[in-house]
Amino acid sequence: MTTHDTDRGVRLRAAGTELTLRPDEGGRISSLVIGGTEVLRQGERYGSFVMAPWCGRMRDGRFRNGGTIHQMPLAGAPHAIHGTVRRRPWRTVGVRPTSAALICELTDPWPWPGRVTQLVELDEDGGGVTLTLGVETLGASFPAQAGWHPWFLRRLTPDGPGVALDFTADAQLERGDDHLPTGRRVEPRPGPWDDCFHMADGVSVTLTWPGQLELSVTSRTPWAVIYDETAEAVCVEPQSGPPDGLNTHPRLVTELEPLEITTRWAWTRQGLA
């Protein structure tokens, strides 16, 4: 069963799992309820939001394309942060009982016409969801990134165990005092983290709430930011490049080669209904 209205968004349901999308709030996943238990931090800044056409912080809000320097708004002053689409309304272009497709147009302040597409596909058995983002140009080529910023609850129940994160990375990007990578790769360090990691074989992070739920976040991209510096939630953010990537790892979007990135969340219930 699928519901869709302006107040509650788009709800996908399958076998004890319910996922809610809010096209009116940046196309974010506002809720993921598994076995009757909410997994994502609630609030209009949280859930899981889309980052595009760049991810994380961009130094001073500036990037170069050819010989031209472009200035983006400093939403995370002194830097620009998380792209332009997370607070824009999205348009729902297709809804089925377990899937939905959304589009957001790239307009001012982004210098080029384009669009970001989002496909959300809930497994028929309610055991996982596949998320796909695309960035397309409607004319001239431009550099871009895309990714997700999910806020997973640290505790699923008030007296429940805290989540444990498990992953293997071949490198961690050294972070400067300005929260941006310095350009050096270092051996992965223990948390707490607000850091970008490189995983050569693709992102693979397991979140475990002992006795309740195990959830894996995977993607073919080698880049993920891990953030666990708040008491309420932790973030595992697959993205197509590192922070400030439009300047350091530009990926050109052309009419023939759009940018596409996919992540999968899969879970196994342990103590949840």
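In what follows, residues are counted from 1 in the order of the sequence shown.
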Q.
Quick one, Arg91 with Glu105, criterion salt bridge (charged side-chain N to carboxylate O under 4.0 Å, His left out). Give me CA distance, side-chain angles, the key distance, then yes/no.
A. CA-CA 9 Å; Arg91 180 162 47 96; Glu105 304 300 328; 3.3 Å; yes
Q) Among Thr218, Val236, Leu32, which residue meets the side-chain contact (heavy atoms from CB on, under 4.5 Å) test with Trp265? A) Leu32
**Q.** Interatomic spacing from CG in Leu131 to OG in Ser48 - rounded to 0.5 Å
**A.** 6.5 Å
**Q.** Closest non-hydrogen atom pair between Arg64 and Asn247, with its separation
**A.** N-OD1, 3.5 Å
Q. If you look at every heavy atom in Gln270 and Trp209, which pair is closest and at what distance?
A. OE1-O, 3.6 Å
Q. So how far is it from Gln212 CD to Thr157 OG1, rounded to the nearest 0.5 Å?
A. 4.0 Å
Q. Say you draw a straight line from CG of Leu122 to CG of Leu21; how long is it, rounded to the nearest 0.5 Å?
A. 10.0 Å
Q. Would a 4.5 Å heavy-atom cut-off, applied to side chains only, mark Trp90 and Val85 as touching?
A. yes
(Q) Do Phe152 and Val217 make a side-chain contact, defined as non-hydrogen atoms from C-beta onward lying under 4.5 Å apart? (A) yes
Q. Is the shortest side-chain N to carboxylate O distance from Asp228 to Arg154 below 4.0 Å?
A. no
Q: Please lay out, stage by stage, how Thr130 and Arg264 fare under the test side-chain hydrogen bond (donor to acceptor under 3.5 Å, both in side chains).
A: CA-CA 4 Å; Thr130 301; Arg264 176 164 171 76; 3.3 Å; yes
Q) If we only count heavy atoms from C-beta on, is the Met58 to Phe63 side-chain gap below 4.5 Å? A) yes
Q. How long is the span from the CG atom in Leu106 to the CZ atom in Phe142, to the nearest 0.5 Å?
A. 5.5 Å
Q | Test item: Glu187 and Gln172 side chains (from C-beta on) under 4.5 Å apart, heavy atoms | A | no
Q) Between Leu173 and Trp223, is a side-chain contact (heavy atoms from CB on, under 4.5 Å) present by the stated rule, with each step listed? A) CA-CA 10 Å; Leu173 301 192; Trp223 301 104; 3.8 Å; yes
Q) Any side-chain heavy-atom pair from Phe197 and Val205 closer than 4.5 angstrom? A) no
Q. How about Thr206 and Leu215: do any of their side-chain heavy atoms sit closer than 4.5 Å?
A. no
Q) Phe49 ring centre to Arg28 NZ or CZ under 6.0 Å, with the angle to the axis within 45°? A) no
**Q.** From CA spacing to verdict: ring pair (Phe, Tyr, Trp, His ring centres under 6.0 Å), His70, Trp110
**A.** CA-CA 9 Å; His70 299 277; Trp110 189 246; 7.8 Å; no
Q.
Please report the interatomic distance CD1(Ile261) to OG(Ser219), rounded to the nearest 0.5 Å.
A. 4.5 Å
Q) Any Lys/Arg nitrogen of Arg185 or Glu174 sitting under 4.0 Å from an Asp/Glu carboxylate oxygen of the other? A) no
**Q.** side-chain contact (heavy atoms from CB on, under 4.5 Å) between Met72 and Arg62, worked out
**A.** CA-CA 6 Å; Met72 295 292 102; Arg62 297 187 185 122; over 6 Å; no
Q.
Under a 4.0 Å threshold between the charged nitrogen and the carboxylate oxygen, would Asp24 count as salt-bridged to Arg87?
A. no
Q) Is any side-chain heavy atom of Val120 closer than 4.5 Å to a side-chain heavy atom of Leu12? A) yes
(Q) Does atom CD (Glu38) have a neighbourhood of more than 12 heavy atoms from anything else shown, all under 6.0 Å? (A) yes
Q: To the nearest 0.5 angstrom, please state how far the NE2 atom of His79 sits from the CG atom of Asp60.
A: 6.5 Å
Q.
For Ile226 versus Leu165, what's the shortest heavy-atom pair and its separation?
A. CG2-CD1, 3.9 Å
Q) Any side-chain heavy-atom pair from Val135 and Trp54 closer than 4.5 angstrom? A) no
Q: Output every pair passing salt bridge (charged side-chain N to carboxylate O under 4.0 Å, His left out) with a member in residues 134-145, not counting sequence neighbours, ordered by first then second residue.
A: Arg115-Glu136
